[in-house]
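Reviewing the structure listed below.
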Amino acid sequence: MTKVNNWLKNTQAWLWPQSCHLCGDGPLGLDKALCSACLRDLPWNTHCCSVCALPLVHDAICGQCLRKPPPYHRALASFSYRDPVSHIVHGLKFGRRLYYGRFLGEALAETVAQAEHLVMPNLLIPMPLHRKRMNERGYNQAYEIARPVARLLGCSIAKGVVVRTGETKEQSQLNALQRRHNLKNAFTVTGPIKGLHIVIIDDVMTTGATVGELARALIYKGARRIDVWLAARAALGR
Ligand SMILES: [Zn+2]
Ligand SMILES: [Zn+2]
């Protein structure tokens, strides 16, 4: 029985940490990853570009979006991609900390619910992983973020609508030019999406090259409108 109890306790702690993951304060509720003080101090993306969610000092449209608007309608992001959010995203992506997916997804649902002029989409598409990386990792972090968003906002998550085909290298290891080249024919849209308003969900957007490529592929196949919902938005040049 003790063995079973220990196993349960370990599993529970793995699924839902019982003390704050940043400061160690606790105990917290079973479904909480951070204490309220750490939550408040996170780099919330309060002032940003109203098109691409790039963190700015004041709300505005950034120079990049003015020069060349992206292929999507609007991006929303909960956080600026800085510490400790970068640490949380890293833990979800590379450390199998799936409860961070739930945390980031719930924060994202809150951000979306508070956004002005919100138009709810027909479908959420978590940024697909290449099959090779999916096999290595065993889960898709964008899907882990999308799940709580879908649950809290009452949206559907697309299944098998897009496949990641061409690109194989990790984008974060490449410069802007290499990223564009790496993304050539990166996505194959296989599902019927004509006339749909689609939201792409991703963990972090940096240059926007990957999201832009997927948005273009979806529009090419007849999607009516694309929005982008992100856990975090990085400043350019990262
Ligand atoms: Zn804390
Ligand atoms: Zn912008």
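Side chains included, hydrogens not; waters and symmetry mates left out as well; all remaining heavy atoms used. Remember, it's 1-based here, ligands and their atoms both numbered in the order they're listed. Here the structure is a predicted model, which is why all the values come from computation and not from measurement.
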Side chain to side chain contact (heavy atoms under 4.5 Å, CB included) between Ile198 and Ile193, intermediate numbers included: CA-CA 8 Å; Ile198 292 172; Ile193 55 159; 3.9 Å; yes

Working for side chain to side chain contact (heavy atoms under 4.5 Å, CB included), residues Thr206 and Tyr81: CA-CA 9 Å; Thr206 306; Tyr81 189 59; 5.7 Å; no

Derivation of the side chain to side chain contact (heavy atoms under 4.5 Å, CB included) call for Ser80 and Val85: CA-CA 8 Å; Ser80 168; Val85 168; over 6 Å; no

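Note on Tyr100: it clusters hydrophobically with Phe79, by side-chain heavy-atom contacts below 4.5 Å among ILVMFWY residues.
For the Zn ion (ligand 2), the neighbouring protein N/O/S atoms at less than 2.8 Å, given as residue and atom, are Cys49 SG, Cys52 SG, Cys62 SG, Cys65 SG. Distances from the Zn ion (ligand 1) under 2.8 Å pick out these protein N/O/S atoms: Cys20 SG, Cys23 SG, Cys35 SG, Cys38 SG.
When every heavy atom of Asn122 is checked against every heavy atom of Gly195, the shortest pair comes out as OD1-O, 4.5 Å.
Looking at Ser19, Cys20, Ser36 one by one, the single match for side-chain contact (heavy atoms from CB on, under 4.5 Å) with Asp25 turns out to be Cys20.
A salt bridge is absent between Arg96 and Glu144: the closest approach of a Lys/Arg side-chain nitrogen to an acidic carboxylate oxygen does not fall below 4.0 angstrom.
Not less than 6.0 angstrom separates the ring centroid of Phe103 from the ring centroid of His21.
Interatomic distance, NZ of Lys159 versus OH of Tyr143, reported as 4.0 Å (0.5 Å rounding).
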